[in-house]
Each structure stands twice: as C-alpha cells, then as structure tokens.
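In what follows, a structure is listed as structure tokens, so that the remarks can point back to it.
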Protein chains: 2
Amino acid sequence: MRRDVFQAIADPTRRAIIGLIAIQAMTPNALAEHFNTSRQAVSKHLRILTECELVKQQQKGREIYYQLEVQKMKEIDKWLSRFRKIWETRFNELDKVLSNIKNTKK
Amino acid sequence: MRRDVFQAIADPTRRAIIGLIAIQAMTPNALAEHFNTSRQAVSKHLRILTECELVKQQQKGREIYYQLEVQKMKEIDKWLSRFRKIWETRFNELDKVLSNIKNTKK
DNA sequence: TATTTGCGAAACCAATAGGTTGCATTTATA
DNA sequence: TATAAATGCAACCTATTGGTTTCGCAAATA
C-alpha cells in the first residue's frame with residue numbers, strides 16, 4: 001500500500017520517533033525504551049516511516065541505526081507554504097486595520 | 001475522542017477540503033461536488049475538521065458556510081519549525097563542504 | 001400549506017491501523 | 001561451538017476509519 005508522509009506523521013508515536021532520530025540515529029531497541037510498547041511495534045512504525053522515505057537505515061553489525069531523512073520533511077513544509085502565505089496576508093490586513101484605528105485616534 | 005490536527009490532515013480528502021475552503025467559505029453541498037463521495041461523507045470530514053478547530057462555521061439561512069481557521073495551521077508549522085532548523089543547518093554544512101572543495105581547487 | 005432543499009445524526013459495514021505474541025535469521029560473545 | 005542479542009516478519013486481534021443509507025428537522029419555496 002502506498003504510504004504518504006501526512007499519514008506517517010498522523011501517529012503520535014511516529015512523531016515522537018521522528019523527534020528522537022532527528023537528533024541522532026537510533027536502533028529499534030533504543031527507541032522502544034522511550035515508549036510503552038514492544039520493540040516489534042516500534043519496528044512497524046519504522047517500516048512505515050521507511051516506506052514513505054522519511055527514514056533511512058544504516059546497518060552496523062547486528063544493529064540497525066535509523067536516521068531521519070530531513071529533506072523529506074520539506075514535503076510537509078511545501079504543502080504548508082501555501083497556507084503560510086494566507087496567514088501572513090491575514091496578519092498584514094489585521095495590521096492595517098490596527099494602524100488605521102491608531103491613525104484615526106490621533 | 002480527542003482529535004488532533006495531524007490526524008485531521010492525514011486524509012487526502014480532508015486536505016483537499018482545506019485547500020478549497022482556504023480560498024473561500026463553502027457549503028457541504030458545494031464541497032461534495034468536488035469529490036467522488038456523498039455529501040454526508042463530506043459532512044463527516046467537516047465534523048472532524050471542526051472538532052480540532054481547523055474549520056469554523058457560519059450559518060446563512062439553511063446553508064452553512066465552512067471556512068478555514070488558518071491560524072490553527074500554524075500548529076503544524078510550529079512542529080515543523082524544529083526540523084526546518086535542522087535541514088537549514090545541514091544545507092549550510094553542505095554549502096561549507098562545497099565551498100571548501102571550490103577553494104582547494106583554486 | 002405542502003413540498004423541496006440543505007443539513008446533521010445514527011446505524012451499519014468493510015477495510016485499515018496499531019498492538020500483541022511467536023517465530024526465523026544473522027551477528028556477537030561465552 | 002553453543003548461547004545470547006538484535007532484528008524483521010507473519011499471524012492474529014480489537015478499535016478506529018471512512019464510506020454508505022436512512023432518517024428527522026429547519027428553512028426556503030411553490
């Protein structure tokens with residue numbers, strides 16, 4: 001099934017994983033210690049994150065280090081940028097209104 | 001059940017709805033015409049968007065206009081900002097590497 | 001007033017999500 | 001070499017999701 005970045009970040013545990021491995025690469029075992037779930041559950045999350053290329057793996061002996069693919073996060077940013085324009089415009093309009101009030105008060 | 005902005009934007013139809021009502025407020029019927037689903041399904045999506053305050057309603061007679069609460073989108077932006085710092089830093093480091101290569105070649 | 005229109009809510013349903021436990025496999029270690 | 005550790009994968013289970021159809025209600029309209 002085709003995974004999607006937005007669906008990937010929908011789950012709070014996955015967002016937490018992303019937050020952790022953004023700092024430094026971590027193994028599934030190390031990650032699992034941070035959550036109240038089994039290692040296998042964490043592995044499932046990592047699989048989903050890998051499928052949508054938010055995460056890459058690096059094998060070191062019998063350990064696998066997972067690291068965030070920060071570039072992929074830009075996809076969310078890209079989608080958001082459109083709305084960022086809107087809220088900045090809205091804010092500017094509010095700013096105008098406020099300065100008008102200010103001016104008429106003078 | 002407590003709804004979450006990230007869960008709300010996970011669904012592609014909901015993202016499309018957000019995109020539409022960002023431009024101008026729309027009724028459920030008008031929205032439903034854009035999708036391959038029933039009006040009731042759209043209404044369900046609107047309910048979810050309303051629950052997490054991504055959307056506000058304005059009644060006009062028997063019609064209800066739904067509009068995007070752009071401010072709420074900032075919540076996503078806020079979460080993202082942390083990673084934006086990282087990808088900007090990484091980019092700068094790459095930039096340094098590149099300029100070093102350039103300099104040693106001179 | 002009778003009918004149509006726009007809507008939300010409820011009941012239902014199949015598919016998916018997220019968790020578990022129980023393997024098998026590969027690598028490190030005693 | 002035998003054992004322990006780190007991991008992925010499959011089978012299974014329950015709750016949730018996203019859709020449908022049916023209904024009731026309020027507002028517009030004939």
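Quick note on labels: first sequence line is chain A, next is B, and so on, each numbered from 1. Computed from a predicted structure; not experimentally measured.
With rounding to whole Å, B:Lys60 atom NZ is found 17 Å from C:dC7 atom C1'. Atom C1' of nucleotide C:dA9 and atom CD1 of B:Ile48 are separated by 14 Å, given to the nearest angstrom. The interatomic distance linking A:Leu49 (CG) with D:dG8 (P) rounds to 12 Å, in whole Å. Distance B:Leu31 CG to D:dG19 P: 13 Å, rounded to the nearest Å. With rounding to whole Å, B:Glu33 atom CD is found 10 Å from C:dC7 atom P. Computed from coordinates, the B:Arg47 CZ to D:dT20 P distance equals 17 Å when rounded to whole Å. With rounding to whole Å, B:Asp11 atom CG is found 12 Å from C:dA17 atom P. When the P atom of C:dG22 is taken as reference, atom NZ of A:Lys44 falls 16 Å away, rounded to whole Å.
Between D:dT16 and B:Arg3, no contact under 4.0 Å exists linking OP1 or OP2 to a side-chain N or O. Between C:dT5 and B:Asn29, no contact under 4.0 Å exists linking OP1 or OP2 to a side-chain N or O. Considering only side-chain N and O atoms, B:Arg39 lies nowhere under 4.0 angstrom from the phosphate OP1 or OP2 of C:dA9. Side-chain N/O atoms of B:Thr27 include one lying less than 4.0 angstrom from OP1 or OP2 on C:dC7. Close to D:dG8, at under 4.0 Å from its OP1 or OP2, lies a side-chain N or O of A:Ser43. Contact annotation: A:Gln7 side-chain N/O to C:dT16 OP1/OP2 distance is not under 4.0 Å.
Using a cut-off of 4.0 Å between Lys/Arg side-chain N and Asp/Glu carboxylate O, B:Arg84 and B:Glu88 are scored as not salt-bridged. Between B:Lys44 and B:Asp11 there is no salt bridge, since no side-chain N of the basic residue sits under 4.0 Å from a carboxylate O of the acidic one. Here B:Glu69 does not pair with B:Lys72 in a salt bridge; the nearest charged N to carboxylate O distance is not below 4.0 Å.
Listed nucleotides D:dT20, C:dG19, C:dC7 differ in distance to A:Thr13; the shortest reach to its side chain belongs to C:dG19.
Each of B:His45 and B:Gln40 has a nearest nucleotide on DNA chain D; the 5'-most of these lies closest to B:His45. Heavy-atom distances to DNA chain C give each of A:Gln59 and B:Ala30 a nearest nucleotide, and the one nearer the 5′ end belongs to B:Ala30.
Looking only at side-chain heavy atoms (C-beta outward), B:Phe83 and A:Asp77 stay at 4.5 Å or farther from each other. Looking at A:Met73 and B:Leu80, their side chains come closer than 4.5 Å, going by heavy atoms from C-beta outward.
Taking a 4.0 Å limit (strictly below) on heavy-atom distances, residues 61-69 of chain B reaches DNA chain D at B:Gly61, B:Arg62.
Checked by atom type and distance alone, the side chain of B:Arg39 never pairs as donor or acceptor with a backbone atom of B:Pro28 at under 3.5 Å.
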Using the side-chain hydrogen bond (donor to acceptor under 3.5 Å, both in side chains) rule, take B:Tyr65 and B:Glu63 through it: C-alpha gap first, then chi angles, then the decisive distance, then the call.
-> CA-CA 6 Å; B:Tyr65 285 85; B:Glu63 294 181 324; 3.2 Å; yes

